[in-house]
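Here's the structure we're looking at; comments come further down.
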Amino acid sequence: MLQTQNIFEKEFAKETIFLDRNMITPHYTPKVLPFRETYIEDISNLVSKTLKGQKADNLFIYGKTGTGKTSVTKHVMEQLLEFASQKNLPVEGNYVNCRNHNSKYRILVKIVKEFYPEENFLGFSAAFVYEKLLDYARKEKHLVLVLDEIDKVKDLDELVYGLTRCNDELDKGSISIIGISNNLMFKDRLDPRTKSSLCQHEMIFPPYNAQELSEILEQRTEIAFKPDSVEGSAIHLAAAIAAQESGDARTAVMLLLHAGEISDKKGLRKVTDLEVKKAKKKVEEELIFNMISTLPEQQQLVLYAISSLSVEKKPMHKITGAIEVGVLFSGEIYDEYCRLSKKFKETTVSARWYRQYISELEMYGLIVSTNSGKGIKGQTRLIKLGFDAEKIKGLIEKELAT
DNA sequence: CCTCCACAGGAAGCGCAGGAGT
DNA sequence: ACTCCTGCGCTTCCTGTGGAGG
């Protein structure tokens with residue numbers, strides 16, 4: 001048998017409707033940000049103080065995922081730093097994602113490392129790193145720190161307190177903070193002093209509506225797909241789906257990306273409504289699967305108990321009608337969970353903690369629960385799966401196997 | 001009406017892992 | 001390297017709630 005063709009030859013030569021696939025992934029930060037002009041202007045206004053040698057006020061930005069918080073902030077910072085270096089102004093900035101650096105110490109090290117790239121600070125005390133940062137700012141530098149996903153920081157109170165106190169010790173330079181979060185509630189848990197200093201200015205990014213999403217998608221389509229390979233109605237459909245679900249630009253983009261991949265796979269030349277609909281299912285599944293796989297093992301077991309009971313479609317014993325199929329009692333789920341956990345795990349959480357799990361699962365939208373009303377003895381919760389039982393059962397089986 | 005049932009969910013406390021201080 | 005401290009996941013204990021049943 002002689003091998004005439006490299007195995008990648010076929011794959012490489014495959015027709016694609018993408019011009020540049022990277023342009024339609026969620027990681028890509030677009031150059032233009034439609035419908036966010038006023039926010040860009042407002043933030044620029046705030047941070048421009050540093051160009052004039054003053055301290056910029058701290059800013060807190062809130063908005064759900066995919067509303068452009070990070071993109072807008074990054075965009076403004078890029079412009080600011082570019083301008084500063086052109087004019088030789090002593091302004092510097094730094095972006096930290098607090099999901100990866102979730103403590104005061106780690107954030108400080110990350111920041112200082114940026115300013116002293118050749119030195120390594122891991123292992124030094126927090127106080128020392130603080131001093132290093134202060135030293136840097138003392139050279140009449142104005143620093144703007146962007147803390148993305150700021151709600152993930154464990155000891156935020158101390159961090160903000162420390163950084164604002166830095167400003168008191170500085171008579172020339174300054175340090176300002178831009179905090180970004182998609183959780184508005186977290187603000188209330190903060191120390192009042194932290195809150196007032198972090199939230200000198202606040203901004204709320206609203207979700208995009210269907211029309212805005214349409215335009216965003218159209219722009220991206222132009223650079224990501226070959227001309228005329230995406231039908232207009234497909235774009236509108238993707239925008240409508242995303243708008244209805246969350247107003248999230250990220251899911252809108254994901255929808256089109258997957259739809260494009262589906263078309264490619266089938267060798268089609270166009271993306272139509274049909275592909276978008278199929279992509280919707282895929283994106284949904286991906287979301288659910290991601291959610292399930294990040295759940296603690298015990299919680300996965302609880303969900304598994306719910307889904308396998310739902311699959312069995314147990315006829316509701318002695319229930320006087322009026323109750324939907326697939327609705328389960330809190331108690332019977334706990335029994336099933338105990339049985340399952342004993343079957344292939346030895347640990348079983350208490351009933352109290354099981355209830356905690358149930359309410360968390362509800363917060364994630366994986367299940368729906370209602371309080372029992374008439375016709376049922378005592379007070380309990382009636383629980384139903386938020387998605388297809390078979391599918392979830394399958395997903396967890398896959399997850400538990402690993 | 002009272003009692004029991006079948007839970008919900010708050011409070012306190014416990015053991016552990018990992019980080020800070022020494 | 002060592003203790004000390006602290007946050008986290010969890011248990012135990014407890015009080016509250018609303019319908020069923022006598």
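By convention in this document, chain letters (A, B, ...) are assigned in the order of the sequence lines, proteins followed by strands, and residues within each chain are numbered from 1.
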Ring of Y208(A), cation from R36(A) - is the NZ or CZ under 6.0 Å from the centre and inside 45° of the axis?
yes
Salt bridge or not for R381(A) and E362(A), using N-O below 4.0 Å?
yes
Result for side-chain contact (heavy atoms from CB on, under 4.5 Å) between L385(A) and one of I392(A), L366(A), L328(A) points to I392(A)
Hey, can you tell me if F115(A) and Y136(A) have their rings parallel, tilted or perpendicular (30° and 60° cut-offs)?
parallel
Quick one: do the E275(A) and T272(A) side chains pair a donor with an acceptor below 3.5 Å?
yes
R381(A) CZ to dG16(C) P, straight-line distance once rounded to whole Å
20 Å
Does Q54(A), at its CD atom, have more than 12 non-hydrogen atoms belonging to other residues, nucleotides or ligands within less than 6.0 Å?
yes
Give the rounded distance in Å between these two atoms: CG of L382(A) and P of dC7(B).
11 Å
For a side-chain hydrogen bond (donor to acceptor under 3.5 Å, both in side chains) check, start with the C-alpha distance between Y354(A) and Q298(A), then their side-chain angles and the critical distance, and finish with the verdict.
CA-CA 9 Å; Y354(A) 152 78; Q298(A) 292 290 323; over 6 Å; no
Grab the N/O contacts between the protein and nucleotides 4-6 of chain B below 3.5 Å, and write none if there aren't any.
| residue | atom | partner | partner atom | Å |
| --- | --- | --- | --- | --- |
| dA6(B) | OP1 | K377(A) | NZ | 3.1 |

Centroid separation F225(A) to F18(A) less than 6.0 Å
yes
What is the distance from CD of Q298(A) to C1' of dC10(C), rounded to the nearest Å?
11 Å
Given protein heavy atoms under 4.0 Å, the one-letter contact record of nucleotides 13-20 of chain B, with B base, S sugar-phosphate only and - none, is simply ------SS
Proximity to DNA chain C (any heavy atom under 4.0 Å), residues of residues 347-361 of chain A only
T348(A), V349(A), S350(A), R352(A), W353(A), Y357(A)
Ion pair E285(A)/K282(A), N-O distance below 4.0 Å:
no
Kindly indicate, with the supporting measurements, whether the criterion side-chain contact (heavy atoms from CB on, under 4.5 Å) is fulfilled by L257(A) and R21(A).
CA-CA 8 Å; L257(A) 173 66; R21(A) 193 180 164 284; 4.0 Å; yes
